[in-house]
Amino acid sequence: MINELKEKLEKINNLADFNQLKVIYLGKKGLINQQMANMKNLSSEEKKEFGAKVNEQKKACEALFSAKEKEIHKDMVDKLVKDETIDVTMPGYKFNNGTIHPLNQTIIDLENLFIGLGYSIAEGPEIETDEYCFEKLNLPKGHPARDMQDTFYINPELLLRSQTSPVQVRTMLAKEGKPIQIICPGKTYRRDADDATHSHQFMQCEGLVLGKKITLADLKGALLVMARKILGPDMKIRLRPSYFPFTEPSVEVDVSCHKCGGKGCSMCKNTGWIEVLGAGMVNHHVLEMCGYDPNEIQGFAFGIGIERITMLKYGIEDIRNFYSNDLRFLKQFKEAK
Ligand code: PHE
């Protein structure tokens, strides 16, 4: 019996088979107990001898099972350790990182550039008062130039800012007549029907520099540096007379068309130039309304269209791409940077 058990145990290599065999030998109705049951028909002399024998067999069985159980457990632990070993030389998982949105990238580029020129970054609320967005910018109620910007009004005094220029007002009121050198990138809103070149929500980057003897030449210099840094070292700029109620004189600023290099193409409507921003010398009425003495301090302001220059930089033809969250569009800028 013992030899037979030894053979059977040798063939076993898992816990389930082991348990099954253990029941056959040592279970309640197992082989050992069956032999015990046979004892009842024997004489007491025979019982003693037979009982001792069966007991011996039982002990031998138990010893064999316990040794085998230890062996099986050891194998299991060995296997577990082997399976769970970490291979530190295996290549890691590739994370699918996002990328900076092209509009944010332009803002980062503008901020880095202007901070390098000594500007600081100003902020203002997107829900603005009529007073700061228009009145203090020399646009009283009923002024015809208000039609230049079709505005989302919340109530007669509150609106979604249609330009970042109210941040000029806020900064001047806070600085109380002292020199200023700021830019303010941010969201703006107008009641435009969305199409390839218009979006009801868009972004501007306002600039304001006030100090003694600041001239239009300083404005031109700052904008030329900006165009060359953001759009390319060969950029030229051109200033055209224009009108904004809060600047006098006012200019519209074009950059040379990078697609055709100024020869004329569909992108620049055959003019060789593309308009990117409005600017001018801060109107003396605005300076006065915001607590500055125009005889002491003057300066310039500009408002860059962030989408506009981003479209130019990357050759994007539809402004709606910026706001549609299409990954096929956004993924391109991983390498484009
Ligand atoms: N705020 C003007 C616009 O949105 C742009 C501008 C800013 C013009 C500053 C002059 C000075 O059209």
Side-chain angles (χ1 to χ4, degrees), residues 103 106-107 110 114 119 121-126 128-140 143-152 159-172 180-192 197-211 214-223 226-227 237-255 274-287 289-290 292 294 298-310 319:
L103 293 179
T106 299
I107 291 176
L110 283 169
F114 279 106
Y119 290 60
I121 314 287
E123 281 185 0
E126 288 170 33
E128 196 38 286
T129 60
D130 183 274
E131 185 190 359
Y132 288 172
C133 197
F134 292 129
E135 298 216 11
K136 279 203 159 34
L137 286 168
N138 205 25
L139 271 147
H143 193 292
R146 282 200 181 207
D147 296 345
M148 284 162 74
Q149 301 178 6
D150 211 348
T151 307
F152 285 114
L159 46 82
L160 292 180
R161 68 179 178 194
S162 53
Q163 50 186 353
T164 41
S165 301
V167 183
Q168 289 186 37
V169 175
R170 288 179 175 272
T171 311
M172 282 188 261
I180 292 175
Q181 201 178 357
I182 54 120
I183 58 160
C184 166
K187 288 198 195 97
T188 44
Y189 304 83
R190 283 186 204 176
R191 286 182 45 193
D192 278 327
T197 53
H198 294 86
S199 171
H200 62 280
Q201 181 210 289
F202 58 105
M203 295 217 242
Q204 289 189 334
C205 179
E206 196 77 11
L208 174 67
V209 176
L210 293 182
I214 304 279
T215 70
L216 199 68
D218 297 315
L219 168 67
K220 200 172 173 186
L223 294 179
M226 186 279 293
I237 62 165
R238 158 176 105 164
L239 272 52
R240 280 180 292 113
S242 184
Y243 172 75
F244 297 104
F246 31 90
T247 47
E248 181 59 38
S250 300
V251 291
E252 235 144 5
V253 181
D254 300 338
V255 295
I274 296 174
E275 184 197 322
V276 285
L277 61 98
M281 301 305 290
V282 181
N283 189 304
H284 68 275
H285 290 307
V286 174
L287 290 172
M289 277 187 277
C290 296
Y292 279 73
Q298 320 74 33
F300 61 79
F302 56 82
I304 306 171
I306 305 269
E307 281 82 356
R308 204 74 214 264
I309 56 168
T310 311
I319 195 172

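Just so you know, residue 1 is the first one in the sequence shown, and it goes up from there. Computed from a predicted model, the values in this text were never measured in an experiment. We count ligands from 1, going down the list as the structure has it; atoms in each ligand are counted the same way.
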| request: Would you check whether Q204 has a nitrogen or oxygen atom less than 3.5 angstrom from a nitrogen or oxygen atom of ligand 1? | output: yes
| query | Would you say F246 touches ligand 1, if touching means a heavy atom closer than 4.0 Å? | reply | yes
| query | Does the side chain of M172 come within less than 4.5 Å of L287's, by heavy atoms? | reply | yes
| query | Between Q149, Q163, R190, which one has a non-hydrogen atom sitting closest to atom 1 (N) of ligand 1? | reply | Q163
| said: Heavy-atom distances under 4.0 Å decide this one: backbone, side chain, both or neither, for A279 against ligand 1? | reply: backbone
| task | Tell me which part of F302 gets within contact of ligand 1: side chain, backbone, both or neither, using heavy atoms under 4.0 Å. | result | backbone
| task | Would you indicate whether R240, at its atom CZ, is surrounded by more than 12 heavy atoms from other residues, nucleotides or ligands within a distance under 6.0 Å? | result | yes
| Contact with ligand 1 for M148, non-hydrogen, under 4.0 angstrom | no
| What residue and heavy atom of the protein are closest to atom 7 (C) of ligand 1, and at what distance? | G303 N, 3.3 Å
| message | Between V209 and Y119, is there a side-chain heavy-atom distance shorter than 4.5 Å? | response | yes
| Considering only protein heavy atoms, which is closest to atom 6 (C) of ligand 1, and at what distance to one decimal place? | G278 O, 3.7 Å
| Is a donor on one side and an acceptor on the other found under 3.5 Å between the side chain of S242 and the backbone of E252? | no
| field | Sole candidate of E128, E131, E206 that passes salt bridge (charged side-chain N to carboxylate O under 4.0 Å, His left out) when paired with R170 | value | E128
| remark: Partner of Y189 under side chain to side chain donor-acceptor pair (under 3.5 Å), picked from E126, Q149, H200, is E126
